[in-house]
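So the structure is just underneath, and the comments pick up after that.
A quick note: this is a predicted structure, and the numbers were derived from the prediction, not measured.
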Amino acid sequence: MKTGNKIEIIDLNDFLSDGILKEKNFKEKIEIIDWKNYSNKKVLIKGCASVPIPTWAYMMITAKLT
C-alpha cells in the first residue's frame, strides 16, 4: 500500500498472484491488513488496466474499510 497527497492508496496489483487476482489468496491477504490504519482517511482503491479486477474485490475492500 502506498501513501501520497493525503490519500491512502490501496493498489490491487499488490494482491495479484501469478499475474491474476485469485479469490483465496486475495481473502488471505485482506485478512492480515490492519484496516484501522485507514480510519478517517480518504482511500483510493486503484485497479489495474491490464488485469481484469472482479467487482467482488472492490466490494470486499470497501466492506473492510467501512
>> I'd like to check the side-chain contact (heavy atoms from CB on, under 4.5 Å) partners of Leu44; sequence neighbours left out, ordered by chain and number.
In response: Ile7, Ile9
> Restricting to pairs with a member in residues 55-66, which pass salt bridge (charged side-chain N to carboxylate O under 4.0 Å, His left out), not counting sequence neighbours?
Replying inline: Glu31-Lys64
>> Is it the case that the side chain of Trp35 and the backbone of Ile61 share a donor-acceptor pair, with hydrogens and angles ignored and the cut-off at 3.5 Å?
In response: no
> For the residue pair Pro52 and Ser50, what are the closest heavy atoms and their distance?
Replying inline: CD-O, 4.1 Å
>> What's the separation between atom CG in Leu65 and atom CD1 in Ile30, rounded to the nearest 0.5 Å?
In response: 9.5 Å
> Quick one: salt bridge (Lys or Arg N to Asp or Glu O under 4.0 Å) partners of Lys29, sequence neighbours excluded?
Replying inline: none
> Applying salt bridge (charged side-chain N to carboxylate O under 4.0 Å, His left out), which residue pairs with at least one partner in residues 35-44 are found, sequence neighbours left out?
Replying inline: Glu8-Lys41
> Say you draw a straight line from CG of Leu16 to CG of Asp14; how long is it, rounded to the nearest 0.5 Å?
Replying inline: 8.0 Å
> How many angstroms lie between NZ in Lys46 and CD1 in Ile10, if you round to the nearest 0.5 Å?
Replying inline: 13.0 Å
>> Does anything in residues 51-61 form a side-chain hydrogen bond (donor to acceptor under 3.5 Å, both in side chains)? List the pairs, not counting sequence neighbours.
In response: none
>> Is the shortest side-chain heavy-atom distance between Leu21 and Val51 below 4.5 Å?
In response: no
> Tell me the side-chain hydrogen bond (donor to acceptor under 3.5 Å, both in side chains) pairs involving residues 17-26, sequence neighbours left out?
Replying inline: Ser17-Asn25, Asp18-Lys22, Glu23-Lys27
